[in-house]
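Beneath this line is the structure, given in structure tokens, with notes to follow.
The structure displayed is predicted, hence computed values, not measured ones. Below, chain A is the first sequence line, B the second, and so on; all start at residue 1.
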There are 2 protein chains.
Amino acid sequence: MAAERRGAVTISQVAKEAGVARSSVSRAYTRPAMLSRETVERIKAAAEKLGYVPNHTARALSTGRYGNVALIVPDVANPFFPPMIRAAQVEADRSDFCVFLGNSDEDPEKEDQLLGRFSGQVEGIVLASPRLSDERIAAHALLRPLVLINRDVKGIPKVLIDSGTGIAEATKHLADLGHRNIVYVSGPSTSWSNKQRRAAVRKASQKLGLELSFVSASVPSFDAGLQAVDAILAKGATAAIAFDDVTAQGILVGLSARGVSVPREFSVVGCDDALGPLTVPSLTTVSSRSIEAGKLAISLLMEVLQSQAVRDASYVLETHLIIRSTTDKAPRSR
Amino acid sequence: MAAERRGAVTISQVAKEAGVARSSVSRAYTRPAMLSRETVERIKAAAEKLGYVPNHTARALSTGRYGNVALIVPDVANPFFPPMIRAAQVEADRSDFCVFLGNSDEDPEKEDQLLGRFSGQVEGIVLASPRLSDERIAAHALLRPLVLINRDVKGIPKVLIDSGTGIAEATKHLADLGHRNIVYVSGPSTSWSNKQRRAAVRKASQKLGLELSFVSASVPSFDAGLQAVDAILAKGATAAIAFDDVTAQGILVGLSARGVSVPREFSVVGCDDALGPLTVPSLTTVSSRSIEAGKLAISLLMEVLQSQAVRDASYVLETHLIIRSTTDKAPRSR
DNA sequence: AGTTGACGTGCAACCGGTTGCACAGCATAG
DNA sequence: CTATGCTGTGCAACCGGTTGCACGTCAACT
């Protein structure tokens, strides 16, 4: 057959096989219209026979186009991200790009490092829910085209999931059910989404005359939710809105462990619809649109790469409340 | 302060500035011992002054060392994989490698494509739970160092999570609880893990004199589990062992929707411990060790890259049963 | 003093593609 | 029948590094 000797088939081997110059092989792939139909066919046939695959690295060297983009997320294991990652990957694939995935472990410094390491080998970067400072983000954006998800830094293109609308609906929903005293369980302090959600719940509570208090779960995780339960109950509230679904699930399990029945005695609302109907009882939450966000971020990045001009574009995706089974009428007394 | 976007500083500029040959600049970075202390310093100073950063891509082209590895999984969104991905990434980082992540969507053909696309820009590949045929895997292994997770192809290094031991324990556990008729809900037919688990449950059932039947959920997902419930109940069994936790969770929710109480009326066992204590009731399952597998696979790959010799190494990780709350005594009658 | 060899450096070929330019062949226009 | 213009192809330089080999220098050893 073909394709032995330490790795891949090169353009030269294909050229020899097809009896043409190397440049023609190259053109058969990059500008087939420049060649006669016949020649292109012959070259493709030879390539096929030998199992030729163009070498991205070599191409990148001469064109400056790497054909790679990077996606950096704070935590792959957080169910909010995998669907986004997948969508981004599919979208990148459509433009024939490969994706580097980086995981910052919710650590700004690690994020900074990853950005540095990647920027030498990709054409552009999508930074999802960054924990990094605005200044550092802006600095990196100078070196490489950058698109943000859920972060608003001036002059940098971004996709924002506006959970504010959904959170407002959630607050209203709780008020309608008779809750007068609620808790917002906040996420990472450097998270734009957290700030936004916090602000939205505060504003809506004021408007509706609800008593609102805060409990902090600095990292969005099941355990953080679990550990926040005592603090939540101490506030004397009858309902909680959590930063995200994962935290909410921790709260759910923590409440159950303390014998507090949901939704009879206590209502819980999540955010991001990352768990779907998987919890028991199934979680009332705010839709997330993370799939669209991933897709959009990549296509935005592709646009930026095409047009060179760094457009200061923003896409805002609105959200809404999804009512399932963890919210119900406020209990009579507490 | 040179070095803006396009016109990055090259080795030639540094060479000129320092008054040496390009090769010396190169050596100042790769083999400083070959040069006199003085020359190295002069070069480094010039580089610093111009803001030189070595070009990763160019280096890769001439050395064949890309500094990248790829990790391909069937489904990022399946909770079994993210911890593994993270562990792999951390381990790769230790050797200063970047990770490309590929998602095959459980599709052998997509997997084949990804392998082809990546192999041009990485030094080695870790293929987790592949759905591809042995032949294709072997073919790719010829082109690039390859390490498998949960797949046994002769002559290719691999990390296997032996869920057989855990599954055997699970079967015994059910038998001890008085179950006489159980179901194994199988996963993807091309999955090595599935074959292994299926074989283990069959063997243990025979030994213990249990009646065993099979229901197939071709893709391991929540929905597939949900949809398998009718078939499971039709078998007249009192307990089910599912291919994985995600499927088990679907089964759990499906049973609950049909008013079947777990574990009072029906027992369920998952596999992979991907969900931890997150389900309600919390799932009895088989430990997975996916984190170790990810880490091990990368370090194995690094060894292979170092030693060139393609060692036919296998690591086998044993598993055991984790008893939580979805298994209990078999009901009196059914 | 003449050899030897280690050391430091430069030359030039390569890695696998891309691309500006030259040129041959042929059809059409003058 | 010669000018003109296209079309299709090849040549060779280039992208930014790495590396085998050759060469010059100088100290140490016969």
If you only use heavy atoms from C-beta on, which nucleotide in C:dG17, C:dG10, C:dT18 is closest to the side chain of B:S24?
C:dG10
Given DNA chain C, 5'-ward residue of the pair B:V40 and A:N55, judged by closest heavy atom:
B:V40
Rounding to a whole Å, what distance do you find between A:L61:CG and D:dA13:C1'?
13 Å
B:E109 atom CD: more than 12 heavy-atom contacts under 6.0 Å
no
Taking atom P of C:dC14 as reference, at what distance in whole Å does atom CZ of B:R65 sit?
19 Å
Let me know, please, whether B:T39 or A:I11 comes out on the 5' side of the other along DNA chain C by nearest nucleotide.
B:T39
Indicate whether OP1 or OP2 belonging to D:dT19 is found under 4.0 Å from a side-chain N or O atom of B:S23.
no
Distance-only side-chain donor-acceptor flag, A:Q113 / B:D93, under 3.5 Å
no
Separation of B:E123 atom CD from C:dC15 atom P, in whole Å?
18 Å
Would you say C:dG16 has OP1 or OP2 under 4.0 Å from some side-chain N or O of B:Y66?
no
Among the nucleotides C:dT9, C:dG10, D:dG17, which one has an atom lying closest to any side-chain atom of B:S36?
C:dT9
What integer distance in Å separates A:Y29:OH from C:dT19:P?
16 Å
Report the distance from atom CG of A:L35 to atom P of D:dG10, rounded to the nearest whole Å.
8 Å
note: B:H56, atom NE2; D:dC15, atom C1'; distance rounded to Å ~ 16 Å
Using only side-chain N and O atoms of A:R22, determine if any of them is under 4.0 Å from OP1 or OP2 of C:dG17.
no
Would you verify whether the NZ or CZ of B:K44 falls within 45 degrees of the ring axis of B:Y29 while also being under 6.0 Å from that six-membered ring's centre?
yes
Can you tell me if the side-chain N/O atoms of B:S62 get under 4.0 Å from OP1 or OP2 in C:dC14?
no
Any non-hydrogen side-chain atom of B:I137 less than 4.5 Å from a side-chain atom of B:L115?
no
Look at all strands and tell whether A:S12 reaches a base, only sugar-phosphate, or nothing, counting heavy atoms closer than 4.0 Å.
nothing
Close side-chain approach of A:M302 to A:V69, heavy-atom, < 4.5 Å:
yes
Presence of donor-acceptor pair under 3.5 Å, side chain of B:R27 and base of C:dG10
yes
Hey, does the side-chain of B:T57 have a donor or acceptor N/O within less than 3.5 Å of a partner on the base of D:dC15?
no
Mind checking B:V25 for me? I need base, sugar-phosphate or nothing, with any heavy atom below 4.0 Å counting as a touch.
nothing
B:S26 vs D:dT18: side-chain N/O to OP1/OP2 distance below 4.0 Å
yes
D:dT9 P sits how many Å from A:R31 CZ, rounded?
15 Å
Whole angstrom value for the distance that separates P of D:dC15 from CZ of A:R59:
19 Å
Contact between B:F100 and B:Q121 at the side-chain level, heavy atoms closer than 4.5 Å - yes or no?
yes
